[in-house]
Amino acid sequence: MRNGHLSHWMSRDDLDIPATVPLDRDEEVDVAIVGGGLSGLWTAWALTQADPALSVAVFEAERLGFGASGRNGGWLSAKPVGIRDVLARQHGGRAGVLEIEQRLEESIHDVVDVLGAQNIDARHGGWMQVARSASEQNRIENYLAKSRSWGVDEGRLRLLTAAEASERVNIAGVTGALYSPDNYCVDPVKMLLALARTVQKAGVRIYTSSRVDTIEPGRLAVGAHTVRARRHVVLATEGYSSRQRGQRRRMLPLNSAMLVTDRLTDDQWEQIGWAHGDGVSGAAHTYFYGQRTPDGRIAIGGRGKPYRFASGVDRDGEVDQHTIAALTNLLADLFPQVPLAAAHAWCGVLGVTRDWSPFIDNDPSSKILRVGGYAGQGLTAAHLAGRIASDLILQGDTKLSTLPWVRQMPRRWEPEPLRWIGAHGLYRIYSIADVLEARAAGPRTSRLALLADKIAGR
């Protein structure tokens, strides 16, 4: 089994990677974007759509696909991003939160229309969160009831019986599931590369292996070279923001691990089902998420070791053996009817704010805009965030620029060693809560998990 090498998506030989070069001279542009992931590229796309004469350059420290955009689970989903109650306290209130969710629903289709379904292997199948115990069933039913109170109707989210859920994907022990049609499963690296080609055609210059060392109003230092930004600087580094001076505690680089199987045979797929292109996740506290890949594998992910001391990040995506074993055992537990062999494991980081909700923090005085904090929902959120960032830079006051995501960055995470103790301790508590709930076999969520939610701010 292969381990690391960024991801299964990034390790293939057939990728159509657009030509990029390192910055080798001083540069002057209207807008300079730090970070060549989805947030940075969608911001560049939105800016050039609004003003084709604008000069925009993107500076990526590594290569395209090095960060979360090249290592994720491939859900282009309209699931809520952030905590509704948290965002409702921002400007726009409850109506603003509902507007964001409507925009996310539009975004998933916009992304496919812009990039082309065939170019990103997009399959419109919805998403399904399965329950496999009485407590998990109770949680998804409570989530549905709360969503109804926010105006989410039957067409966007509904409850499936155990039989209906098993018809879609034959997972052992299912008691029921939540289902939404608002999701595409995609090849995330093909999506990123298609977007990069699209913005290059619009005149955007993408520089790779071009790490930004200094960030100042209107100026970036990239090695020995200076970049002047006449109008704005955009910082779109998500979970890697902890590497910037003064930003170590702003966003927690939360680690997520994935595993992909060998290709399944037709007979194995017949026994599992999963013919609808659904993204599938679990309702346990230590949840999983996954998809059927375009080349006939199962890709499955979970948290594993959730955090590295002092907001550290990995280099190559290598996964510890304990996490690989846990994901392998989870596959066997979900699909005991077929033998499944792991082919490749990898990990990466995603950016989490202290209140688990996104931000687009624009400082008009310095003309520096920071964006991120999607907590694992970045494939869709990055598109909407890029459009909002473009409006803030070019127009100032629009309907998009008044949505609740537009706010100052949330308060900082706790200092070390509290950050490390908290992240690992909470994950351990959630694991124990899952065990306790399974033993009790009742509908109640463990008090340990409720306490962990309160401490985490979720």
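Predicted model, so just to flag it, every value in this text is computed and none were measured. Throughout, numbering of the chain's residues begins at 1 and tracks the sequence.
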- Task: Given side-chain contact (heavy atoms from CB on, under 4.5 Å), test Leu193 with Asp16 step by step and report yes or no.
- Result: CA-CA 7 Å; Leu193 299 181; Asp16 182 11; 5.8 Å; no
- Message: Contact between Gln337 and Ile272 at the side-chain level, heavy atoms closer than 4.5 Å - yes or no?
- Response: yes
- Task: With sequence neighbours excluded, tell me which residues meet side-chain hydrogen bond (donor to acceptor under 3.5 Å, both in side chains) with Arg158.
- Result: none
What pairs of donor and acceptor atoms, side-chain ones from residues 296-303 against any protein atom, are under 3.5 angstrom apart with sequence neighbours left out?
unit_1	atom_1	unit_2	atom_2	d
Arg297	NE	Asp295	OD2	2.8
Arg297	NH1	Thr261	O	3.1
Arg303	NH1	Ser256	OG	3.0
Arg303	NH2	Tyr287	OH	2.6

- Task: Keeping to residues at least two apart or across chains, list the salt bridge (charged side-chain N to carboxylate O under 4.0 Å, His left out) pairs with something in residues 74-84.
- Result: Arg84-Glu101
- Exceeds 12 heavy-atom contacts within 6.0 angstrom, atom CG of Asp13: no
- Ser242 side chain to Ser311 side chain, donor-acceptor N/O pair below 3.5 angstrom: no
- Can you list every salt bridge (charged side-chain N to carboxylate O under 4.0 Å, His left out) pair that touches residues 85-96, not counting sequence neighbours? Asp85-Lys146
- Item | Residue pair Asn3 / Gln321, side-chain heavy-atom distance below 4.5 Å | yes
- Give a yes or no on whether Trp420 atom CH2 has more than 12 heavy-atom contacts from other residues, nucleotides or ligands under 6.0 Å away. no
- List for me each residue that meets side-chain hydrogen bond (donor to acceptor under 3.5 Å, both in side chains) alongside Arg168, sequence neighbours excluded, and say none if there are none. Tyr179, Asp278
- Item | Any residue meeting ring-ring contact (aromatic ring centres under 6.0 Å, His included) with Tyr430, in chain and number order, not counting sequence neighbours | His285
- Is the backbone of Tyr240 close enough, under 3.5 Å, to the side chain of Thr237 for a donor and an acceptor to pair up by distance? no
- Message: Tell me every residue that passes ring-ring contact (aromatic ring centres under 6.0 Å, His included) with Trp405, counting only those two or more places apart in sequence or in another chain.
- Response: none
- Task: Can you see which heavy atom on Pro404 is nearest to which on Gly93, and at what distance?
- Result: CG-O, 4.3 Å
- Does the side chain of Phe66 come within less than 4.5 Å of Arg315's, by heavy atoms? yes
- What's the shortest heavy-atom distance between Phe359 and Pro410, and which atoms? CD2-CD, 4.1 Å
- With a cut-off of under 6.0 Å to the ring centre and 45° to the axis, is Arg419 in cation-pi contact with Phe309? no
- Note on the structure: For Leu350 and Val352, the nearest pair of non-hydrogen atoms, with its separation, is CD1-CG2, 3.5 Å
- Scanning both residues in full, the closest heavy-atom pair of Thr175 with Ser133 reads OG1-O, 3.8 Å
- Message: Applying ring-ring contact (aromatic ring centres under 6.0 Å, His included), can you list everything that pairs with Trp42, at least two apart in sequence or on another chain?
- Response: Trp45, His383
- Item | Residue Glu270 excluded, over 12 heavy atoms near CD under 6.0 Å | no
- Message: Test: salt bridge (charged side-chain N to carboxylate O under 4.0 Å, His left out). Region: residues 426-452. Which pairs qualify, not counting sequence neighbours?
- Response: Arg139-Glu437
- Query: Taking the side chain from Ser147 and the backbone from Tyr143, do they hold a donor-acceptor pair closer than 3.5 Å?
  - Reply: yes
- Message: Less than 4.5 Å apart, side chain to side chain, heavy atoms only: is that true for Glu99 and Leu403?
- Response: yes
- Are Arg71 and Asp314 close enough, and set up right, to give a side-chain contact (heavy atoms from CB on, under 4.5 Å), and what steps lead you there? CA-CA 12 Å; Arg71 309 192 198 190; Asp314 67 276; 2.6 Å; yes
- Query: For Asn329, does its backbone N or O pair with a side-chain atom of Asp333 as donor and acceptor, under 3.5 Å?
  - Reply: no
- Salt bridge Arg250-Asp361, side-chain N to carboxylate O under 4.0 Å: no
- Side chain Asn183, main chain Gly126, donor-acceptor under 3.5 Å: yes
- Message: When you compare the side chain of Gln247 with that of Leu235, does any pair of heavy atoms fall below 4.5 Å?
- Response: no
- Task: Quick one: sort the His344 and His5 rings into parallel, tilted or perpendicular, breaks at 30° and 60°.
- Result: perpendicular
- Task: Hey, could you give me the CZ/OG distance between Arg156 and Ser180, rounded to the nearest 0.5 Å?
- Result: 7.5 Å
- Ring-face cation contact, Trp413 with Arg354, 6.0 Å cut, 45° max: yes
- Can you name the nearest heavy-atom pair linking Tyr427 to Pro306, along with the distance? CB-CG, 4.0 Å
- Item | Residue pair Thr328 / Met1, side-chain heavy-atom distance below 4.5 Å | no
- Asp266, CG: over 12 other non-hydrogen atoms inside 6.0 angstrom: no
- Query: Near Gln408 CD, under 6.0 Å, is it more than 12 heavy atoms from other residues, nucleotides or ligands?
  - Reply: no
- Going by the salt bridge (charged side-chain N to carboxylate O under 4.0 Å, His left out) test, which pairs reach into residues 448-458, not counting sequence neighbours? none
- Task: Applying salt bridge (charged side-chain N to carboxylate O under 4.0 Å, His left out), run through Glu60 and Arg211 and close with a yes or a no.
- Result: CA-CA 6 Å; Glu60 166 59 41; Arg211 183 178 301 278; over 6 Å; no
- Under the side chain to side chain donor-acceptor pair (under 3.5 Å) rule, what pairs show up with a residue in residues 368-382, not counting sequence neighbours? Ser39-Tyr374, Gln244-Arg370
- Message: Any side-chain to backbone donor/acceptor pair from Gln137 onto Pro443? Under 3.5 Å, distance only.
- Response: no
- Message: For Gly376, is there any backbone N or O sitting under 3.5 Å from a side-chain donor or acceptor partner on Trp75?
- Response: no
- Message: For Ala172, is there any backbone N or O sitting under 3.5 Å from a side-chain donor or acceptor partner on Arg132?
- Response: yes
- Query: Looking only at heavy atoms, which two atoms of Ala283 and Ala131 are closest? And how far apart?
  - Reply: CB-CA, 4.4 Å
- Query: Are the side chains of Val260 and Trp346 in touch, meaning some heavy atoms are under 4.5 Å apart?
  - Reply: yes
- Task: Any chance you could lay out the side-chain contact (heavy atoms from CB on, under 4.5 Å) test for Leu178 and Leu159, step after step, and finish with the verdict?
- Result: CA-CA 5 Å; Leu178 288 175; Leu159 195 66; 4.0 Å; yes
- Determine whether Ile429 and Leu451 make a side-chain contact, defined as any pair of heavy atoms from C-beta on separated by less than 4.5 Å. no
- Query: With sequence neighbours excluded, what pairs up with His109 under the ring-ring contact (aromatic ring centres under 6.0 Å, His included) test?
  - Reply: His124, Tyr184
- Task: Taking Ser357 for its side chain and Leu87 for its backbone only, find out whether a donor-acceptor pair lies under 3.5 Å.
- Result: no
- Message: The test is side-chain contact (heavy atoms from CB on, under 4.5 Å); show your working for Arg103 and Leu400 and say whether it passes.
- Response: CA-CA 9 Å; Arg103 298 283 185 166; Leu400 285 180; 3.8 Å; yes
- Query: Just by distance, do the side chain of Ser401 and the backbone of Asp391 share a donor-acceptor pair under 3.5 Å?
  - Reply: no
- Message: Any side-chain to backbone donor/acceptor pair from Asn255 onto Lys305? Under 3.5 Å, distance only.
- Response: yes
